[in-house]
Amino acid sequence: MNEGILIIGAGGVGRVVVHKAVQNIDTFKKITLASRTLSKCEQLKKEVGGKIDIARVDADSVDEIVSLIKKVKPFMVLNIALPYQDLSIMEACLRTGVHYLDTANYEHPDTAKFEYKLQWAYDEKYKQKGIMGLLGCGFDPGVTNIFCAYAQKHYFDEIHYIDILDCNAGDHGYPFATNFNPEINLREVSAKGRYWENGKWIETEPLEIKQVWNYPEIGPKDSYLMYHEEMESLVKHIKGLKRIRFFMTFGESYLTHMRCLENVGMLRIDEVEVDGCKVIPLHVLKALLPDPASLGPRTIGKTNIGIVAEGLKDGKKRKIYIYNVCDHQEAYKETKAQAVSYTTGVPAMIGAKLMSEGIYKGKGVYNVEQMDPDPFMDELNKQGLPWHIKEL
Ligand code: NDP
């Protein structure tokens with residue numbers, strides 16, 4: 001019998017997925033959490049009153065995941081570990097014939113570059129096996145893709161311009177810390193920027209382009225153009241698109257620290273020798289920085305993530321803004337995780353819920369904007385991430 005979900009990864013986002021899945025236990029019936037460090041799974045099991053099963057797994061090993069899946073026999077696997085594990089978990093799902101979902105696209109540990117190519121390459125194999133893979137089902141990617149699909153379905157005949165706007169106005173009181181996995185976060189932020197215009201990718205220097213955006217419930221914030229993975233699939237799936245860009249806010253203190261760390265080589269991901277030991281500077285930095293999970297109780301303020309879409313409806317120009325505001329302390333009260341983990345974990349659970357209920361189904365590998373956005377938008381309102389639409 002294939003029932004229930006297997007969640008892999010017991011970090012900040014994994015904790016939210018577990019809490020929200022337990023709130024929806026009627027849908028999932030059986031929830032298993034597996035991760036590299038069993039004690040984190042034990043802690044979460046305690047928090048949710050023992051309502052989940054737990055296991056240890058090294059998700060870099062396809063064989064280990066396959067044996068775990070054979071033991072647990074889930075309907076689907078939720079990959080909430082790191083982007084490095086996407087391919088091993090996808091492969092294990094293929095070998096065992098269970099559905100797959102993740103929140104971030106594959107990245108090789110030695111190359112700070114992420115793209116869908118290797119995951120999309122599973123499409124044919126998933127089709128043949130009769131299973132579904134749902135990629136990028138967090139907030140961005142994830143809800144931002146759903147917002148675009150919703151705009152396309154209900155508000156436009158053609159969308160010409162999309163700006164994705166991601167603001168975290170949370171304050172944790174430290175001079176420098178990252179609010180999700182420091183290694184993944186710093187690799188992303190220090191990379192070159194890129195946006196898509198008239199069928200071509202245009203590269204920028206890291207954080208070269210800045211605009212000030214007035215975020216509802218937060219106020220005006222410096223927002224920097226970055227490359228972000230949802231753009232790669234949205235350019236394929238949104239009709240009539242002429243340009244898509246992604247902006248994220250950063251405070252001055254964060255940027256000054258990051259530039260300084262980069263200038264002294266602390267963001268390097270190649271090995272260096274120190275007193276006869278080989279170390280990777282970014283790994284050393286990760287060990288020194290506050291664990292993102294520890295930021296939860298001390299982070300105050302809100303996040304606001306959304307999209308501005310501009311295009312034509314019935315021959316007339318139209319511009320709309322769809323966004324969600326999430327409060328760090330409210331998220332913490334519910335799940336003991338701050339809003340960045342919360343806004344990622346809730347959509348991952350929603351994706352799994354819609355797949356488990358048979359509302360989202362298919363054979364092959366999909367990005368979330370290929371699904372009907374309406375049931376997802378309804379669930380966002382019910383599961384703690386209400387959204388707003390403004391005509392601009
Ligand atoms: P964390 O570092 O807090 O958690 C990752 C978890 O995965 C840890 O529990 C870790 O184990 C576990 N893990 C790592 N490697 C392995 C392995 N080989 N085998 C088994 N378990 C492993 O990260 P987050 O929770 O912040 O992020 C989780 C995912 O969510 C990432 O892929 C991230 O990119 C993505 N994300 C997506 C966003 C979106 O909006 N789409 C936004 C934010 C994050 P251990 O405890 O032993 O270290």
Side-chain angles (χ1 to χ4, degrees), residues 6-19 33-44 54-65 68 77-89 92 101-107 109 112 114 116 119 134-147 164 166 168 177-189 226 228-231 233 246 248 283 286-287 289-296 303 305-306 324 326 331 335-351 367-368 385:
L6 169 60
I7 302 163
I8 301 184
V13 180
R15 120 178 322 279
V16 175
V17 178
V18 167
H19 275 271
L33 170 68
S35 198
R36 187 167 52 187
T37 311
L38 192 65
S39 58
K40 293 193 184 173
C41 305
E42 284 163 349
Q43 165 64 27
L44 268 163
I54 55 170
R56 210 205 79 84
V57 73
D58 176 3
D60 290 319
S61 156
V62 177
D63 289 343
E64 271 199 34
I65 311 166
L68 180 66
V77 175
L78 280 70
N79 169 13
I80 315 293
L82 296 177
Y84 312 140
Q85 280 84 47
D86 285 8
L87 297 183
S88 50
I89 301 178
L101 175 148
D102 69 27
T103 68
N105 72 4
Y106 175 69
E107 213 178 317
F114 43 89
Y116 279 118
Q119 293 185 271
L134 189 60
L135 307 183
C137 195
F139 205 103
D140 47 343
V143 176
T144 49
N145 305 55
I146 289 285
F147 285 169
I164 300 165
D166 179 335
N168 177 8
T178 62
N179 40 44
F180 68 98
N181 187 292
E183 191 180 332
I184 305 295
N185 178 269
L186 290 165
R187 280 163 69 125
E188 180 177 279
V189 179
M226 288 171 55
H228 223 243
E229 63 197 58
E230 61 264 52
M231 292 191 288
S233 64
F246 179 97
M248 192 180 270
H283 289 184
K286 181 179 179 230
L289 287 174
D291 175 1
S294 71
L295 303 178
T303 61
I305 315 174
N324 159 264
C326 186
T335 60
K336 292 212 175 79
Q338 33 79 5
V340 175
S341 302
Y342 190 88
T343 52
T344 310
V346 172
M349 185 284 295
I350 292 175
N367 292 88
V368 281
L385 293 176

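Whatever order the structure lists ligands and atoms in, that order sets their numbers, starting from 1. Quick caveat, the model's predicted, so the values are computed rather than measured.
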Kindly confirm or rule out an N or O of [X] lying under 3.5 angstrom from an N or O of ligand 1.
| X | result |
| --- | --- |
| Ile80 | no |
| Phe139 | yes |
| Pro141 | yes |
| Ala10 | yes |
| Ile184 | no |
| Gly11 | yes |
| Leu82 | no |

| Does ligand 1 have an atom that lies less than 4.0 angstrom from a heavy atom of Gly142? | no
| query | Is there a heavy atom in Pro83 that sits closer than 4.0 Å to ligand 1? | reply |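 Yes.
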What atoms of ligand 1 come within less than 4.0 Å of a heavy atom belonging to [X]?
| X | result |
| --- | --- |
| Asp60 | 18 (N) |
| Gly12 | 3 (O), 25 (O) |
| Gln85 | 14 (C), 15 (N), 16 (C), 17 (C), 18 (N) |
| Asn181 | 2 (O), 23 (O), 26 (O) |
| Gly9 | 7 (O) |
| Val57 | 19 (N), 20 (C) |

Quick one: look up the protein heavy atom nearest [atom] and list residue, atom name and how far away it is.
| atom | answer |
| --- | --- |
| atom 26 (O) of ligand 1 | Phe180 CB, 3.5 Å |
| atom 19 (N) of ligand 1 | Ala59 N, 2.7 Å |
| atom 46 (O) of ligand 1 | Lys40 NZ, 2.7 Å |
| atom 47 (O) of ligand 1 | Thr37 OG1, 2.4 Å |
| atom 24 (P) of ligand 1 | Val13 CG2, 3.8 Å |
| atom 48 (O) of ligand 1 | Arg36 NH2, 2.8 Å |
| atom 29 (C) of ligand 1 | Ala81 O, 3.1 Å |
| atom 12 (C) of ligand 1 | Ser35 OG, 3.6 Å |

| message | I'd like the name of whichever of Asp166, Leu44, Thr344, Ile305 reaches closest to atom 42 (C) of ligand 1 through any heavy atom. | response | Thr344
Check whether any side-chain heavy atom of [X] lies under 4.5 Å from a side-chain heavy atom of [Y], and answer yes or no.
| X | Y | answer |
| --- | --- | --- |
| Tyr342 | Thr303 | no |
| Ile89 | Asp102 | no |
| Pro347 | Leu385 | yes |
| Ser233 | Asn145 | yes |
| Arg36 | Val57 | no |
| Glu230 | Asn367 | no |
| Gln43 | Lys336 | no |
| Val18 | Ile7 | yes |

| request: For the residue pair Phe147 and Phe139, categorise the inter-ring angle as parallel (less than 30°), tilted (30 to 60°) or perpendicular (more than 60°). | output: perpendicular
Identify the two heavy atoms, one from [X] and one from [Y], that lie closest to each other, and give their separation to 0.1 Å.
| X | Y | answer |
| --- | --- | --- |
| Glu229 | Pro141 | OE2-CG, 3.2 Å |
| Gln119 | Leu87 | CG-CD2, 3.9 Å |
| Leu295 | Pro290 | CD2-CB, 4.1 Å |
| Ser341 | Gly12 | CB-O, 3.4 Å |
| Lys286 | Pro182 | CG-CG, 3.9 Å |

| message | Tell me whether Ser61 contacts the main-chain N or O of Glu64 through its side chain, where contact means a donor paired with an acceptor under 3.5 Å. | response |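 Yes; at least one donor-acceptor contact below 3.5 Å.
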Is ligand 1 under 4.0 Å from a heavy atom in the side chain of [X], in the backbone, in both, or in neither?
| X | answer |
| --- | --- |
| Ala104 | side chain |
| Ala34 | neither |
| Asp58 | both |

| said: Using the rule side chain to side chain contact (heavy atoms under 4.5 Å, CB included), only one of Asp140, Leu135, Thr344 pairs with Thr103; which is it? | reply: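 The side chain to side chain contact (heavy atoms under 4.5 Å, CB included) with Thr103 is passed solely by Thr344 among Asp140, Leu135, Thr344.
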